[in-house]
Amino acid sequence: MLAAFFFQPYTAPYLGLVLNWAIIVSSVALLVAIASLVVIHIRFIVKGRKGFLYSIVLVVAFLVTLGLGWYSGLDDPAYLAGIRAILVPLENALMALVALVLMSAAVKIFRVRGWSILTVSFGLSALVFLFLNLGFLRFEGNPGMSQVVSMIQRLPIVGARGLLIGVALGALLMALRVLFGQEVERE
Amino acid sequence: MPPISLPDLIAAGIVGLVVIIMVLVWLTNRKTSAEPYENVTAYDGIEALMHRSSEEGKALLLGMGDGFSGQNTSLGDSNGILVERIVLGRSVFNDQPTRIFSGDGALACISQLVVHGAYKNAMASELFQPENNQLSGVNSFAWMAGLLPELARDGDTGLILSGTLRPEHMLAADLAERQQLPLVAATGSPNAQAAFFASGSLVTLGEDYYLPTVGKHNRNAYQHQAKTMNWLRIVLAVVLIIAALLKLSGVLS
Amino acid sequence: MNNLDLLLLLAGLVLSLMVFSYLLGDTLLFGIAMYTLVGATAGFTVLVLVQKVIMPMVITPLTTFPKSSVWLELATLLAALLPIFMIFKKSSRVAGISLGFLGGVVTAALIVGVSRGTLVPQLLSIVDAFDPSRMTTAGLPNWSGIFEAFMMLAGVLAVLFAFHHRKTKQKQDSLAPSWLDGLTGFGQIFIGITFGAIFVGLFSTGLVALIAYVQYLVDFVRLW
């Protein structure tokens, strides 16, 4: 597979076939996992496990979504609008909640992590980029300062590039160890 | 037939280089080193959580993220499975079983096999309960949504998040803090690392995520990997400096 | 707007308000909203998988059987059937075969993805910054270009060496800061800057979602 990926000009037809099988396996695995999830929650309801109300909610939401979709068809505009009307506000609300959580975390960072090179540069950078994003630091009449600001805006790329290269090397090494069966010690 | 592009050749060269260094390190370090490399702090936190779980007789929660088969955000992230193997290998006989939550179908199925294998290795297959290892949602938000109410229950000792995480999973860190549950977040995503860094949790930074070791568990594999990473770093630095100089002098087009 | 639309809007509003009950420390309403999300996404995913993957890729080709290769069809069918054994036996070795195959494919894809998609472009862009044409403007030295190229190289190397693994004893012995400590500190500055910038980006995204949500509430009240 590895060779096929690298030498795609020669292996494209076979690669497509194997990737199709992988898509099928992962889709069926997801269906199996979903079936297992629903069965587990039905079991929780039957047993009356603590918090089984949540299980009822999950099973009902699952069956209603599945049943309506089956009946009306996946491409039915009314069905899709219904799904959107439920899921989009929920996900937006969660994302909004994340903003509040991030804000409260940022306020506490020095108390939690103490003072170090990493926390100080994190804090200063967050402040500077907050001001820059809000448009407070603009030097339209001063080309020299504008150049400095644009250079500051590119500074995070340095760290991001270093982090990405390190993470990619780590992932590559781990993946190769998995392929060679060396990822974890045998007990 | 179109020729193989230069970036493809460079990529193949990098993979070859990594394999060569891996083999060299493996050949030169076949015995356990008397001077081991320092463990990654976040993974040491997992060991502390495991001790706490067995002492308090409470359950440990393990969130595996939503990446593996590529149906969500990430592809091939099997590091969470390694952490799961390490944790399960030592918590099979705890009073309360470790509960595992995956956000990807294939990951949930593989995780099921791993958990069953851990119980079987400990000759305790009868203790295996499939409901302690489940898919908690089919995408990033849903995975977190399934995990949060479980986290809000009483009787847990801590939370380990290991796998593909996203910044919005910070909500789990916040809820864990409210519940006074210690959290270890191990992820390779710089975005998630930045978000979790702001929380009070132990978090892996950069490439540290790919070096899972818990106490003396998996130490040899970790030592090899750490040494390989060190050599790779040095080789890459030398290559980068030489390539930059060649480019500057006009030798490289 | 008809009654059904209004009802759906109301349902979305109620569920999202339940999410915000988290801020009050409530777990019941928050849990209901969360499990609704889990159940609805799971139901929708089943439909999508069956209609967009299983039907066209597994079932439909079977109906054109004589025209297509027998072995190909059998292999595809096998790929689809093997994971199903997990339903009957959680430790199924048969299902393990197909999952092992999937593991191999995604690991190979990961290796290609990180080497071809991440490492090569990142490394090339660092080297490309040293292109002589970028270092001069109209025959004169382009100082900002030169500075940025060297800063990029030094910064990336510093970040990489910030994660250099050290032996336990080595660390205990080194009382005086070594060159590696200096490089680690330099690298940590860049990591901190990057994390700070990412954090602000994430916060801004969340803030936009918060504003969109408030707008959603305002729209609903106006409609009412």
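Treat the numbers as computed from the prediction; the structure is a model and nothing was measured. Quick note: numbers below take in every heavy atom, side chains included, and nothing from hydrogens, waters or symmetry partners. Labels below follow one simple rule: chain letters A, B, ... track the order of the sequence lines, proteins then strands, and each chain is numbered from 1.
Side-chain contact check for C:L123 versus C:V127: every heavy-atom pair is 4.5 Å or farther apart. At a threshold of 4.5 Å between non-hydrogen side-chain atoms, the residues C:M34 and A:V57 do not count as touching. In this structure, A:Y79 and C:F44 have side chains that are in contact, with non-hydrogen atoms separated by less than 4.5 Å.
The distance between the ring centers of C:F195 and C:F199 does not fall below 6.0 angstrom. A distance below 6.0 Å separates the ring centres of C:Y35 and A:H41.
Taking A:L97, A:L53, A:V101 one by one and counting their heavy-atom pairs under 4.5 Å with chain C, the maximum is reached by A:L97. Ranking A:L163, A:N92, A:V98 against chain C, the residue ahead of the rest is A:L163, based on heavy-atom pairs under 4.5 Å. When each of A:I83, A:L74, A:V59 is checked for heavy-atom pairs under 4.5 Å with chain C, A:L74 comes out on top. The choice from A:G67, A:A99, A:S121 that makes the most heavy-atom pairs within less than 4.5 Å of chain C is A:S121. Of the residues considered (A:L17, A:V158, A:T119), A:V158 shows the highest number of contacts with chain C, using heavy-atom pairs under 4.5 Å. Between chain C and the options A:I56, A:L90, A:V39, A:I86, the largest number of non-hydrogen pairs under 4.5 Å is found for A:L90.
Heavy-atom distances place both the backbone and the side chain of C:Q122 under 4.5 Å from chain A. For chain A, the nearby part of C:V50 is the side chain; its heavy atoms alone come within less than 4.5 Å. The part of C:S204 that comes within reach of chain A is its side chain, from C-beta onward, which places non-hydrogen atoms under 4.5 angstrom from that chain. With a 4.5 Å cut-off on non-hydrogen atoms, A:R154 touches chain C through its side chain but not through its backbone. Neither the backbone nor the side chain of C:M18 has a heavy atom closer than 4.5 Å to any heavy atom of chain A.
Ring-plane geometry between C:F150 and C:F130 is classed as perpendicular, the angle between the planes exceeding 60 degrees on a 0 to 90 degree scale with a lower cut at 30. Classified by interplanar angle (parallel below 30°, tilted 30° to 60°, perpendicular above 60°), the ring pair C:Y213/C:Y216 is tilted.
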